[in-house]
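Below you'll find the structure, written out as structure tokens, and then a few comments.
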Amino acid sequence: MSIASIIREKPEFEGQKDPNVQLVAASVARGLDDKQLRIMKTMQRVKSAYLPTRNDQLSDIPFTRMKRAIAGMDQETFAVAIFAESGVGKSTHVLQRLQDDVAFEPIPDGYGNFLHPVLYIEAPQKASVTDLGETMLQAMGYPIASRKSENQIIKDVRRFLKRRGTRVVIIDEFQHVLDAPKIKGATHVADAIKNLLQGDRSWPIFIVLVGLPEIKEIQLRDPKDQMLRRVDDFPLVDLTLKDDDKMIAELILELVVNRAGLRMSKKVVVDFIERLLWGCHFRFGMVMKLIYHAIEDALENDDKVLSGQHWEEGYRRLVNGGYDADENVMAAGVEWRKIYRPINRKGAFGPLSRKSAK
């Protein structure tokens, strides 16, 4: 099966239908010449491609269990934690699933309105229970009354979830809960999640927590251990050279040739795919960014062939590094495996360090 046959289109930018977003975009576009407009449209085609990976198969398991429970009107609910390091592509993965799964489409209620089986939010920084509740209400389009207590906000969330027809709540960037104020911190938020699951037996709610591996601490901090028993862990996996080298090679050709209209140079650096994966910490989201940067560099320089210099610039831009070839995974000599840059929890690369290859 070819890569092109399984690639899907990503969801639109969340604010794309906002009239103000459209107005500003149209105004800014007036400052672009014909070349820049062509690059813009080409990069839109390149970035709109979504390639399913093993992680899609892994997350099929919990989402299918939820769908069976909801379709069978089962009263028992559970929470799921989907986690991986920064740069793996967690958010892109979840948003793609919401677009592609017919089970999560809005449902006409027969009165000109729609029910929405899923609510997706991103946890705000240093998220308290009140912060999470207000974010949920805002995402559902309901006004937030000032000076409401935490308990009242949670009651409002339950009521509006039922009114909206929502059975699955997805909370992305859930690690922000770990940065909550110490007085009522992560354990308190964990208790609130439990209460949301258990709050209304006539309208049971399923919770999907998405974030960094540290979100498991949310469960472990619950002294009653109830959260631990109610959460199923589904860690997403990194790429491997053995299993994914062919897929990445085919993906590069699809994006470079079919989407960007460029040609791949026949001269590629030794161990090209391995260098690409190594430099990106074997994280799929990082690999995609490097590919985007390389393609964009070729387009900006009016080059029809994507060559080594574009991959070198793509890596330099990804890690915000310098121009020394010995510090660039895509340009260095035989000891390129000693080039290592750590990635922090926000997905930013750190300074260069030398290490022995594993």
Side-chain angles (χ1 to χ4, degrees), residues 8-18 21 47-48 50 52 55-56 58-67 69-70 77-84 86 88-107 113-125 127-144 153-154 156-177 189-190 192-193 196-197 199 203-212 215 218 231-234 236 285 347:
R8 304 197 289 265
E9 295 299 307
K10 290 180 182 177
E12 290 183 347
F13 163 51
E14 185 178 355
Q16 194 163 338
K17 296 180 180 179
D18 186 323
V21 171
K47 292 183 177 181
S48 68
Y50 178 83
N55 285 328
D56 292 80
L58 288 173
S59 66
D60 274 342
I61 299 171
F63 278 104
T64 300
R65 289 173 181 170
M66 288 183 184
K67 290 188 290 185
I70 295 170
T77 65
F78 54 87
V80 170
I82 298 176
F83 54 87
S86 181
V88 171
K90 301 177 292 297
S91 299
T92 301
H93 169 79
V94 171
L95 290 172
Q96 188 70 38
R97 173 169 293 280
L98 296 184
Q99 172 184 267
D100 293 344
D101 199 325
V102 65
F104 299 138
E105 292 179 352
I107 307 162
N113 300 310
F114 288 87
L115 300 176
H116 300 270
V118 177
L119 173 67
Y120 170 90
I121 67 164
E122 288 188 6
Q125 294 282 352
S128 65
V129 172
T130 300
D131 295 329
L132 281 177
E134 290 181 348
T135 300
M136 289 182 191
L137 292 173
Q138 288 175 342
M140 290 187 282
Y142 292 102
I144 301 173
I153 287 178
I154 292 299
D156 285 347
V157 168
R158 289 178 189 159
R159 182 169 69 254
F160 289 131
L161 286 174
K162 185 174 183 178
R163 182 182 300 180
R164 188 176 181 267
T166 299
R167 294 292 310 278
V168 178
V169 174
I170 300 176
I171 306 176
D172 202 351
E173 304 291 354
F174 197 68
Q175 69 274 2
H176 291 166
V177 173
V189 177
I193 296 294
L196 193 61
L197 285 170
W203 196 259
I205 299 294
F206 295 85
I207 305 289
V208 181
L209 310 178
V210 183
L212 299 177
I215 68 174
I218 299 296
V231 177
D232 291 332
D233 291 341
F234 285 89
L236 302 183

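Not measured: the values here are computed from a predicted model.
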Any chance you could lay out the side chain to side chain contact (heavy atoms under 4.5 Å, CB included) test for Tyr50 and Gln99, step after step, and finish with the verdict? CA-CA 12 Å; Tyr50 178 83; Gln99 172 184 267; over 6 Å; no
Exercise: identify the closest heavy-atom pair between [X] and [Y]:
X      : Y      : answer
Ser91  : Asp172 : OG-OD2, 2.5 Å
Phe234 : Val80  : CD1-CG1, 3.7 Å
Pro62  : Leu58  : CD-O, 3.4 Å
Pro106 : Pro117 : CA-CD, 4.4 Å
Leu115 : Arg163 : CD2-O, 4.0 Å
Lys67  : Ala103 : CD-CB, 3.4 Å

Keeping the roles fixed (side chain from [X], backbone from [Y]), state whether a donor-acceptor pair exists under 3.5 Å.
X      : Y      : value
Arg164 : Val118 : yes
Asp131 : Ser128 : yes
Gln96  : Glu9   : yes
Lys90  : Val210 : no
Arg167 : Pro204 : yes
Trp203 : Thr166 : yes
Lys10  : Lys47  : yes

Tell me, do Val21 and Gln16 make a side-chain contact under 4.5 Å, heavy atoms counted? no
Does some side-chain heavy atom of Val88 sit less than 4.5 Å from a side-chain heavy atom of Asn55? yes
Lys17 and Glu12: side chain to side chain contact (heavy atoms under 4.5 Å, CB included), yes or no, with the steps? CA-CA 9 Å; Lys17 296 180 180 179; Glu12 290 183 347; 3.7 Å; yes
Side chain to side chain contact (heavy atoms under 4.5 Å, CB included), paired with Phe174, selected from Val208, Ile207, Leu209, Ile82: Leu209
Test side chain to side chain contact (heavy atoms under 4.5 Å, CB included) on Met136 and Ile171; report intermediate values, then the result. CA-CA 9 Å; Met136 289 182 191; Ile171 306 176; 3.8 Å; yes
Parallel, tilted or perpendicular, judged at 30° and 60°: which one describes the rings of Tyr142 and Phe160? parallel
Atom CG of Leu212 and atom NE2 of His176: how far apart are they, to the nearest 0.5 Å? 8.0 Å
Nearest 0.5 angstrom please: Leu95 CG to Thr92 OG1, how far? 7.0 Å
